[in-house]
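Below, read A as the first sequence line, B as the second, and so on, with proteins coming before strands; counting in each chain starts at 1.
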Amino acid sequence: MADLVGAGSGGTGQPAAIDIGGMFGPLARAQYGAMFRLRWEMFRSGLRSIHGILDLGATGIAWMIYAFLGVLLGTGMGIATYYLVSEAEWRFLPILFWVLCFLWQMIPVMLASYQEQFDLGILLRFPVRFGSYYLLYLVFGLLDVSTILGAVSCLGMWIGVAVARPELLPWTTFALAAFAAFNVLLVRAIFAWIERWLRQRKTREILGAVFMVALLSLQLMNPAIYRKRHSGRSHSQQQAEQLQAAKERYKPYLQQANAVQKWLPPGLAAQALRESVEQNPAAGMGLLGVLGLYGALAGGILAVRLKSEYRGESLSAAPGRAKSAMGSSKASAGLSASGRESLDRGGARMLGGSGPIAAVIEKDVRALMRTLPLLYAIGAPLLLVLVFSTVFLKNGAVQGPVFPLALPICMVYAQLGFTQVFFNNLGTEGAGIQVYFLSPTPIRTVLLAKNLLHALLFAVVAVVAAVLAAFRLGIPDPAVVAATGAWLVFSLPCNLAAGNIFSIKMPYRVNPGRISRQRGSQANALLSLLVQLGVLAVGASVFALCWFLERMWLAVPIFLLLAVGAVFVWRRVLDNSDALANERRDELMAALMKES
Amino acid sequence: MENAAIQTHGLTRRFGALTAVEDVTLSVASGQFFGFLGPNGAGKSTTIKMLTGLLEPSAGTVEILGRPFGASALDLKRQIGVVPEGMALMGRLTATEYLHFVGRMYGLDRQTTNQRTQELLEFMQLANETKKLVTDFSHGMQKKLALAAAVIHGPKVLFLDEPFEGVDAIAAGMLKTMLTGMINRGATIFLTTHVLEIVERLCSHVAIISQGRLVANGSLEELRAGVASTLPGAEREQRLTLEEIFLAIVGAGGQQEQAQELTWLT
């Protein structure tokens, strides 16, 4: 105790005398050190369990994949930049910057569910300056896959310029650094604001609805634009003529768009490089200055959001505060008519039965409708169906009346969207997982209900994807339809069976209010991907064999035979699920009740 | 004990090298309001988890209503209600939806679930909060909802882990009335709390656990007499409060002297 007293400031109740200073003052530096030490200790603690080691291994593999992608992307960007700079094709340079900017903003959304991120909210109870909070938010964001891929791409572009025109290196360095800084700030600002909206129920539901409507609208809008091209898509000559006509038609719009994009960050970065080539450093500096202003604007938008968080904003409680005060006065006077009405509505029938299966399905449907990350995961593959079908159309890959394998490919993507739903089917339960262990309902029943719901949801998404694919690419061959359907009958129980095991053995809590910063399980993500690839490989082999033999119908009995085995395995897994869940009960509850 | 609602024998739970609960043998009679006390980290929640089937004991046996967990686990779960440590709530549901879900998981039919949900929400003064998601509830409201969920199926044995934590005085009074009513109708309640006044007022029997071991067990009067017998002559005549009994048994008296040494605290 004597030491403690000596460390204080003479028994005044103040902490030991550390100069508070600015965001790089002694206190701030001590706090940064503590934060990095905390991360390191958390990392080390994670290695104490087998699951932690497995997760580390999976993270390593995931990073190897990201590194491979980064090298590919960086090399591609480098070669493209080299070509454009050495050939002086300056008008196309902005395209590279736009592509990079788009990827930088989109990758975090695509990989959100698989990246564990640290919640800096815990810092708010300590005497941390806003500047330090902001800085840490940015620094921890630098470990994002998107930032690393973006930085590697910038490096590739820098090398491309260095090889093509070494004298441009100083300018290129400034331009790329400013562009990278802008992207880092923009991506953090976008996510900070999206998460702010997701934290409120109303905005979350509006955002969910807008997302789903946008998804479907895109699907319908694109074919309407290309309707005329459908009829002639097998004739490349006609396609080229149509493309030329479209170019002529849209030329004025493209020129206007070009005039605008010049003043946007990717255009500014490209233009600054061009000005340096044309020996116009003042203009180049000016453009870089404007790019800097964009970065400052993005940083300012981020600061507004973080400032609110820093001040202790609690969005989940805010909207209900006034109502709560009203509610308590009403409650003391007895239940109001509106209260009774809401009670009745709450108990409105969704499913006829009153058994546990119906209860789990009903509860999961309600929870799903309020969980944007899962809705996004389920809906996103439909977007990919749109993208791929557009690629097939534009590349002229469609032969004859229909691209023969479009339907199975669309189904594969539709199924990919259900990865999180199938393989972490208890992830949204949180502390509610205890209800399953406390109630007399066996875990088998719970998993059966979830499997039935997920299979039904998948069927809906698969039908929508199939209809959209048919709408965009034409009606597929009946044999392909039957073979695809049979493959789904095989693959679905495979995924559900493996999903049930992973959900119990490697669960992770899904935070329903967040698209990014999910605390995921890399081991679950990687192994579920391997299972899906395995199922896909079986399907592809059978398809290839039947295609080679020119007997696509043969795939149907083969898949159905495999499906019998898959259903048997699925039932065995269900039958053993109680034993498995009881064996893993502590770990399961600890993982799902963990605060994110 | 003939009519024991809860009976354990040599109950032990180890987490690796740590023994959280060791050799706990106790018996709670049917219709008893039983207080289970202990300092932080003593093993109270671990014991409740083992008693309710949430945690497998490393050794020892548990019998609820005369039957062991295991083969009859599902049937036993129909007879017990639990407010566990983490409250077992589902944040994405409203209170009504959550109670509906829990009721049906316990096998109640839809009509009974509807009726009980309505009555419980009214009783807990949550009936005007039916549009709000559980995640937006205050801590006290969540506690009330967790308690409502624990009793919706009319359990014979109720396990409560810190049910009064964060609950306002009005609601606490209401909960006490409800729990006393349950006891009067023959239910058994196993309560852990740090609010010793509540235990003193409600519980007829108390057990104290410290560092995983049961260090006292009996009626309040028995504990009082036991502690008083260790005191010097004059003090023996005083009527000891539960707090004094508790401090005497778990040996925390020295902490007051230690606290006096923190002279830098204002």
Q: Sort A/Val446 into side chain, backbone, both or neither according to what part of it lies under 4.5 angstrom from a heavy atom of chain B.
A: side chain

Q.
At a 4.5 Å cut-off on heavy atoms, which part of B/Phe137 comes close to chain A: side chain, backbone, both, or neither?
A. neither

Q.
To the nearest 0.5 Å, what is the distance between CD on A/Gln434 and CG on B/Leu89?
A. 9.0 Å

(Q) Taking atom CG as the centre, does A/Leu452 end up with more than 12 heavy-atom neighbours from other residues, nucleotides or ligands that are less than 6.0 angstrom away? (A) yes

Q. So, does A/Thr441 use its side chain to make a donor-acceptor pair with the main chain of B/Met105 at under 3.5 Å?
A. yes

**Q.** Pairwise distance CG(A/Leu438) to OH(B/Tyr106) - rounded to 0.5 angstrom
**A.** 5.0 Å

**Q.** A/Lys363 side-chain N/O to B/Met90 backbone N/O, donor-acceptor pair under 3.5 Å
**A.** no

Q: May I ask you to check whether over 12 heavy atoms, not counting those of B/Glu63, lie within 6.0 Å of atom CD?
A: yes

Q) Which heavy-atom pair separates B/Arg78 from A/Pro440 by the least distance, and what is that distance? A) CG-CG, 3.5 Å

Q: Look at atom NZ of A/Lys450 and say whether more than 12 heavy atoms of other residues, nucleotides or ligands are closer to it than 6.0 Å.
A: yes

**Q.** Residues in residues 46-56 of chain B near chain A [non-hydrogen atoms, under 4.5 Å]
**A.** B/Thr52, B/Gly53, B/Leu54, B/Leu55, B/Glu56

